[in-house]
Student: 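Below are the structure tokens for one structure; questions will follow.
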Amino acid sequence: MVETIQAQVVVVGSGMGGGTAAWALAQRGIDVLVVERGEAIPKEAANLSPREVFINRRYKPAETWLDGTTGKPFHPGVHYVVGGNTKVYGASLPRFRESDFGRVEHHEGISPAWPFSYADLEPYYCQAEALYRVHGTTGEDHSEPWRSQPFPFPALAHEPYVVDLAERLRGAGVTPSSTSMGVDLRPGGSCIRCATCDGFPCAFDAKGDSEACALRPALQTGKVRLLTGTKVTRICTDDAPGVVSHVEAEGPQGPVRIVGDRYVIAAGAANSAALLLASANADHPGGLANSSDQVGRNFMMHNNAHIACMDLNRRNDVVFQKTLQVNDWYHDGGDGKPLGTLQMLGKVQGIMIKSWATAMPLIALDVFANRSVEWLVMTEDLPHPDNRVTLTADGTIQVTRKAVGTSTHGTLLRRAKRLMRKVGYDIIGVQPFDISMNSHMCGTLVGGEDPATSVLDPYCRTHDVENLWVLDSSFFPSSAAMNPALTIAAAALRAVAESPLGR
Ligand SMILES: Cc1cc2nc3c(=O)[nH]c(=O)nc-3n(C[C@H](O)[C@H](O)[C@H](O)COP(=O)(O)OP(=O)(O)OC[C@H]3O[C@@H](n4cnc5c(N)ncnc54)[C@H](O)[C@@H]3O)c2cc1C
């Protein structure tokens with residue numbers, strides 16, 4: 001017999017969107033069931049092991065997706081665990097800039113407007129920053145948007161190497177500023193500023209991930225239950241085409257039927273789209289909530305590259321490196337068009353480079369890493385309907401993508417390299433992100449006012465199915481050129497506070 005479980009609101013996925021939504025619903029006294037396909041990452045020595053995390057891929061699923069352009073399988077940058085991708089994320093939690101919510105002309109097309117403004121989201125950015133313990137400072141970064149409340153906590157102090165680098169960058173004519181970080185450096189906080197943060201699960205619960213900051217507090221209210229190891233496979237509308245009747249899932253003990261009044265899908269941009277496509281039925285032949293034919297389309301993941309810059313004469317002794325950014329060209333690269341952001345990354349160790357530079361001896365990689373500093377060069381990936389998530393006949397996720405915005409990316413990359421040479425780096429290695437490095441993916445179920453051109457309404461409710469919301473990065477109409485997680489959280493808080501989801 002199929003087990004049936006009931007709840008007022010069923011949340012699928014416990015990452016940034018799902019965990020935050022569960023927390024916000026619990027604050028309103030709503031009975032919530034979170035259904036998560038993964039298990040919690042155990043606290044173990046391997047949390048801190050670059051070899052385990054990067055070489056042995058200990059916390060990544062074995063699953064492969066298909067690259068629709070080359071036909072080749074690849075290992076996606078997803079983590080099917082309680083807390084989702086936030087368990088390993090870098091916890092850089094900036095707000096999108098005010099202009100990111102409007103229509104912006106780029107060299108290779110238009111970044112479309114969002115169906116709500118920065119002002120609409122601003123109060124929820126404040127709440128999300130408090131929930132995820134964001135440390136930051138105002139007044140250093142000319143690109144930053146206005147805010148109605150100060151950062152909850154002051155910015156992280158830079159280590160001496162970074163202080164010196166910031167000085168050299170200022171000397172080269174740019175304005176470095178502090179990164180907004182979600183780590184627990186509050187007085188008495190548990191962060192020890194270790195070398196295993198960006199890309200690693202935190203052994204001390206000091207990272208502002210959705211399990212530590214949202215889900216566990218939500219579970220403590222007694223209003224939220226968590227079902228792990230349970231993959232939702234289908235969303236059903238058996239009673240009426242415009243109403244979800246239940247979802248079907250596969251749990252450790254076999255099939256489960258889950259019944260709610262309202263449903264939140266927060267499985268991440270690829271899996272949420274895949275789930276709607278897999279839920280096609282006679283009333284929704286092209287996939288659930290897909291009357292616009294937009295489900296799965298407009299897949300974006302930023303145009304990103306790592307640069308590793310080596311100064312032969314300067315040892316980099318930094319432990320926690322991710323504290324500095326350069327946003328001088330975020331809005332205007334000099335010709336009125338935006339470029340993007342440069343952000344320091346967590347300090348890379350030789351063994352971590354080995355995960356992709358497999359032919360290089362570790363000893364050489366260690367020499368390089370001891371003298372290098374790493375940056376992320378991030379530019380906007382413009383939406384295109386042909387860049388999309390689809391399912392193959394056997395249900396495998398297929399991602400077809402031809403990046404839009406590559407000339408802008410090339411310009412920022414060249415500029416970043418020139419800047420780094422100017423401040424003393426002799427050798428610059430570039431690692432462009434390929435389709436498997438999709439950690440910032442978004443846009444597969446875009447939000448908008450018009451049901452003919454969008455899947456979700458401005459509160460992330462599907463236009464076609466009245467009790468179905470999607471609260472993850474799928475709703476982004478554009479990717480901006482900033483890290484996505486804080487915006488996912490803020491939009492989830494807004495949907496709970498202002499739409500029927502939270503009533
Ligand atoms: C190494 C790394 C570094 C990053 N650094 C940053 C950063 O510094 N700043 C930033 O803003 N962002 C960063 N990101 C990206 C950030 O983590 C994601 O944007 C964010 O977590 C996406 O939130 P989400 O809710 O859309 O999906 P996720 O957080 O991925 O959550 C989706 C959840 O749904 C579950 N799930 C999927 N399918 C099903 C199903 N069928 N049934 C049940 N459960 C399901 C998954 O297991 C997962 O728990 C990083 C990501 C990675 C991998």
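Along the sequence shown, residues carry numbers from 1. Atoms within each ligand, like the ligands themselves, are counted from 1 in listed order.
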Student: Any N or O of Ala269 that comes nearer than 3.5 Å to an N or O of ligand 1?
Tutor: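 Looking only at distances, the answer is no, because the N/O contact criterion of under 3.5 Å is not met.
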Student: Report the nearest protein non-hydrogen atom to atom 27 (O) of ligand 1: residue, atom name, distance rounded to 0.1 Å.
Tutor: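 For atom 27 (O) of ligand 1, the nearest protein heavy atom comes out as Gly268 CA, 3.6 Å.
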Student: Between Tyr132, Phe475, Tyr89, Phe200, which one has a non-hydrogen atom sitting closest to atom 3 (C) of ligand 1?
Tutor: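 Of the listed residues, Tyr89 has the closest heavy atom.
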Student: Which bit of Thr86 gets closer than 4.0 Å to ligand 1, counting heavy atoms only: side chain, backbone, both or neither?
Tutor: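 Thr86 to ligand 1: contacts from backbone and side chain alike.
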Student: Report the part of Asn483 (side chain from C-beta onward, or backbone N, CA, C, O) that has a heavy atom under 4.0 Å from ligand 1; answer both or neither where that applies.
Tutor: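 Near ligand 1, Asn483 shows its backbone as well as its side chain.
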Student: How close does the nearest protein non-hydrogen atom get to atom 8 (O) of ligand 1, and which residue and atom is it?
Tutor: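 For this ligand atom, the closest protein heavy atom is Ser92 N, 3.0 Å.
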Student: Return the closest protein heavy atom for atom 31 (O) of ligand 1 as residue, atom name and distance.
Tutor: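 Nearest protein contact, heavy atoms only, for atom 31 (O) of ligand 1 is Gly15 CA, 3.3 Å.
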Student: Under 3.5 Å between any N/O of Val12 and any N/O of ligand 1: does that happen in this structure?
Tutor: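 No.
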Student: Which of the listed options, Ala267, Gly77, Ala489, Ala249, holds the heavy atom that is closest to atom 34 (O) of ligand 1?
Tutor: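 It is Ala267 that holds the nearest heavy atom.
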Student: Among Val35, Val232, Thr179, Val11, whose heavy atom sits nearest atom 41 (N) of ligand 1?
Tutor: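 It is Val232 that holds the nearest heavy atom.
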Student: Within the structure, does Asp472 bring an N/O atom to less than 3.5 angstrom of an N/O atom in ligand 1?
Tutor: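 No - when backbone and side-chain N and O of Asp472 are compared with those of ligand 1, no distance drops under 3.5 Å.
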Student: Specify the protein heavy atom at minimum distance from atom 5 (N) of ligand 1: its residue, its atom name, and the distance to 0.1 Å.
Tutor: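 For atom 5 (N) of ligand 1, the nearest protein heavy atom comes out as Gly90 N, 2.9 Å.
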Student: To which protein heavy atom is atom 1 (C) of ligand 1 closest, and what is the distance rounded to 0.1 Å?
Tutor: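 Of every protein heavy atom, Val88 O, 3.8 Å lies nearest to atom 1 (C) of ligand 1.
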Student: May I ask you to identify, for Thr230, whether its side chain, its backbone, both or neither come under 4.0 Å of ligand 1 on a heavy-atom basis?
Tutor: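 Contact part for Thr230 vs ligand 1: backbone (N, CA, C, O).
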Student: May I ask which of Ala274, Ala492, Ser439 has a heavy atom nearer to atom 52 (C) of ligand 1 than the others do?
Tutor: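 Going through Ala274, Ala492, Ser439 one by one, Ser439 has the nearest heavy atom to atom 52 (C) of ligand 1.
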Student: Relative to the heavy atoms of Lys231, which atoms of ligand 1 are at a distance of less than 4.0 Å?
Tutor: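 Per the distance check, 41 (N), 42 (N).
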Student: Any Lys/Arg nitrogen of Glu159 or Lys347 sitting under 4.0 Å from an Asp/Glu carboxylate oxygen of the other?
Tutor: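 No salt bridge links Glu159 with Lys347.
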Student: Please lay out, stage by stage, how Tyr124 and Phe116 fare under the test ring-ring contact (aromatic ring centres under 6.0 Å, His included).
Tutor: CA-CA 13 Å; Tyr124 303 103; Phe116 51 85; 9.5 Å; no
Student: Could you tell me which atoms of ligand 1, counted from 1 in the order shown, lie closer than 4.0 angstrom to a heavy atom of Ala266?
Tutor: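 In order of number, 32 (C), 33 (C), 34 (O).
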Student: With a cutoff of 4.0 Å, is Leu471 in contact with ligand 1, counting heavy atoms of the residue only?
Tutor: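 No, Leu471 has no heavy atoms under 4.0 Å from ligand 1.
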Student: Out of Asn85, Val53, Ile488, indicate the one that has the non-hydrogen atom closest to atom 28 (P) of ligand 1.
Tutor: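 When every heavy atom of Asn85, Val53, Ile488 is considered, Asn85 comes closest to atom 28 (P) of ligand 1.
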Student: Applying a heavy-atom cut-off of 4.0 Å, say which part of Ala91 lies close to ligand 1: side chain, backbone, both or neither.
Tutor: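 Looking at Ala91 and ligand 1, just backbone atoms fall under 4.0 Å.
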Student: Can you name the atoms of ligand 1, numbered from 1 with element, that are less than 4.0 Å from a heavy atom of Val81?
Tutor: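 Result: 47 (O), 49 (O).
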Student: Answer with yes or no after comparing the ring centroid distance for Trp114 and Phe475 against a 6.0 Å cut-off, counting only values under it.
Tutor: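 Here the rings of Phe475 and Trp114 have centres that are less than 6.0 Å from each other.
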Student: By number and element, which atoms of ligand 1 are closer than 4.0 Å to a non-hydrogen atom of Ser473?
Tutor: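 Checking each atom against Ser473, I get 26 (O).
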Student: Is Glu211 touching ligand 1 with its side chain, its backbone, both, or neither, if touching means heavy atoms under 4.0 Å apart?
Tutor: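 No part of Glu211 is near ligand 1 at this cut-off.
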Student: Over 60° means perpendicular and under 30° means parallel, so classify the ring planes of Phe74 and Trp65, tilted if in between.
Tutor: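 Judged by the thresholds at 30° and 60°, the geometry between Trp65 and Phe74 is perpendicular.
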Student: Using a strict cut-off of less than 4.0 Å between a Lys/Arg side-chain nitrogen and an Asp/Glu carboxylate oxygen, indicate whether Arg225 and Asp31 qualify as a salt bridge.
Tutor: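 Answer for the salt bridge query: yes.
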Student: Taking N or O atoms only and a 3.5 Å limit, does Tyr80 qualify as a polar contact for ligand 1?
Tutor: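 No - when backbone and side-chain N and O of Tyr80 are compared with those of ligand 1, no distance drops under 3.5 Å.
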Student: Which is it for His440 and ligand 1 at heavy atoms under 4.0 Å: side chain, backbone, both or neither?
Tutor: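 Answer for His440: side chain.
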Student: Which word best sums up how the rings of Tyr125 and Phe101 line up, parallel for under 30°, tilted for 30 to 60°, or perpendicular for over 60°?
Tutor: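 Rings of Tyr125 and Phe101: perpendicular, over 60°.
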Student: Considering distance alone, does some N or O of Met16 sit under 3.5 Å from an N or O of ligand 1?
Tutor: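 Indeed, backbone or side chain, Met16 has an N or O that close.
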Student: Using the rule given for side-chain contact (heavy atoms from CB on, under 4.5 Å), can you reason through Thr487 versus Asp100, listing the C-alpha separation, both sets of side-chain angles and the distance that settles it, and then say yes or no?
Tutor: CA-CA 11 Å; Thr487 301; Asp100 290 325; over 6 Å; no
Student: Report, as yes or no, whether the 6.0 Å neighbourhood of atom CZ on Arg51 holds more than 12 heavy atoms from other residues, nucleotides or ligands.
Tutor: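 Atom CZ in Arg51 is not packed in, count stays at 12 or less.
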Student: Do the charged groups of Arg147 and Glu122 touch, with an N to O distance under 4.0 Å?
Tutor: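 Salt bridge between Arg147 and Glu122, a charged N being under 4.0 Å from a carboxylate O: no.
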Student: Does the ring of Phe299 carry Arg401 above it, NZ/CZ under 6.0 angstrom from centre and within 45° of its axis?
Tutor: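 That pair does not qualify as a cation-pi contact.
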Student: Which residue and non-hydrogen atom of the protein lie closest to atom 35 (C) of ligand 1, and at what distance in Å?
Tutor: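 Going by distance alone, atom 35 (C) of ligand 1 is nearest to Glu36 OE1, 3.4 Å.
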Student: Return the option from Arg37, Arg234, Gln343, Lys322 holding the heavy atom at the smallest distance from atom 44 (N) of ligand 1.
Tutor: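 Nearest heavy atom to atom 44 (N) of ligand 1 lies in Arg37.
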Student: Would you say Leu275 contacts ligand 1, with heavy atoms under 4.0 Å as the rule?
Tutor: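 In this structure, Leu275 fails to qualify as a contact of ligand 1 - no heavy atom is under 4.0 Å.
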Student: Below 4.0 angstrom from a heavy atom of Gly17, which ligand 1 atoms are there? Numbered from 1 as shown, please.
Tutor: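 Checking each atom against Gly17, I get 25 (O).
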Student: Answer yes or no: does an N/O atom from Ala485 fall short of 3.5 Å to an N/O atom of ligand 1?
Tutor: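 In this structure, Ala485 places an N or O atom under 3.5 Å from an N or O of ligand 1.
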Student: Go through ligand 1 atom by atom and flag the ones less than 4.0 Å from a non-hydrogen atom of Pro484.
Tutor: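 Close to Pro484: 10 (C), 11 (O), 12 (N), 19 (O).
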Student: Could you tell me if Tyr89 and Asn483 have a donor-acceptor pair between their side chains, going purely by distance under 3.5 Å?
Tutor: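 Checked: Asn483/Tyr89 side chains show no N/O donor-acceptor pair below 3.5 Å.
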Student: Non-hydrogen atoms of Thr233 versus ligand 1: any pair closer than 4.0 Å?
Tutor: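 The answer is no: ligand 1 sits nowhere under 4.0 Å from a heavy atom of Thr233.
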Student: Start with the C-alpha distance between His440 and His302, add both sets of side-chain angles, then the distance that settles side-chain contact (heavy atoms from CB on, under 4.5 Å), and finish with yes or no.
Tutor: CA-CA 7 Å; His440 288 185; His302 283 148; 2.9 Å; yes
